[in-house]
Chemist: 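Handing you this structure, nothing more for now.
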Amino acid sequence: MFILPDMLRPHLDGVAIKQPDDFENYDANEFPHFHVFLMLHLARPIDVAAIAENARIIASIPDDEIRTITIQELLDLGMHLKI
């Protein structure tokens, strides 16, 4: 389980999610894909091997859809989440 945002930084290497320099103080409107990624992976049981793939799935979601996507839609896209 990851409880600090910076703990997820290495799992975003090579993933096309726009990331803030400061993982704890950022504007969710400026970094919507990153925000969704962080909210779905912090303080949750997660298969560490699935984190990078989850990030790629989130990165593939169009900008106009990322702010309204549901957890079920993410699961349908293949995200590995324990809910």
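Quick note: numbers below take in every heavy atom, side chains included, and nothing from hydrogens, waters or symmetry partners. Predicted model only: the values in this text are computed from it and were never measured.
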Chemist: Taking all non-hydrogen atoms of both residues, which atom of Arg9 and which atom of Pro20 are closest, and how far apart?
Modeler: NH1-O, 4.3 Å
Chemist: Which heavy atom of Leu40 sits nearest to which heavy atom of Leu81, and what is that distance?
Modeler: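 In this case the closest contact between Leu40 and Leu81 is O-CD2, 3.9 Å.
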Chemist: Would you say Asn54 and His80 are linked by a side-chain donor-acceptor pair, where the criterion is simply a distance under 3.5 Å?
Modeler: no
Chemist: To the nearest 0.5 Å, how far apart are CD1 in Ile58 and CG in Leu77?
Modeler: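 It comes to 10.0 Å.
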Chemist: After noting the C-alpha distance and the side-chain angles of Leu42 and Leu4, does the key distance pass the side chain to side chain contact (heavy atoms under 4.5 Å, CB included) rule?
Modeler: CA-CA 7 Å; Leu42 278 181; Leu4 300 172; 5.8 Å; no
Chemist: Let me confirm one number: the CE-CD1 distance from Met7 to Ile51, rounded to the nearest 0.5 Å.
Modeler: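 The distance works out to 9.5 Å.
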Chemist: Sequence neighbours excluded and cut-off under 3.5 Å, please list the side-chain donor-acceptor pairs for residues 30-39, or say none.
Modeler:
unit_1	atom_1	unit_2	atom_2	d
His33	NE2	Ile61	O	2.7
His35	ND1	Tyr26	OH	2.7

Chemist: Please tabulate, for the side chains in residues 12-19, all donor-acceptor contacts under 3.5 angstrom to protein atoms that are two or more places apart in sequence or on a different chain.
Modeler:
none

Chemist: Strictly distance-based, threshold 3.5 Å: is any side-chain N or O of Arg67 a donor or acceptor partner for the main-chain N or O of Asn29?
Modeler: yes
Chemist: Measure from the side-chain N and O atoms of Glu53 to the backbone N and O of Ala50, and report whether any donor-acceptor pair falls under 3.5 Å.
Modeler: no
Chemist: What are the two closest heavy atoms between Glu24 and Asp22, and how far apart are they?
Modeler: N-OD1, 2.9 Å
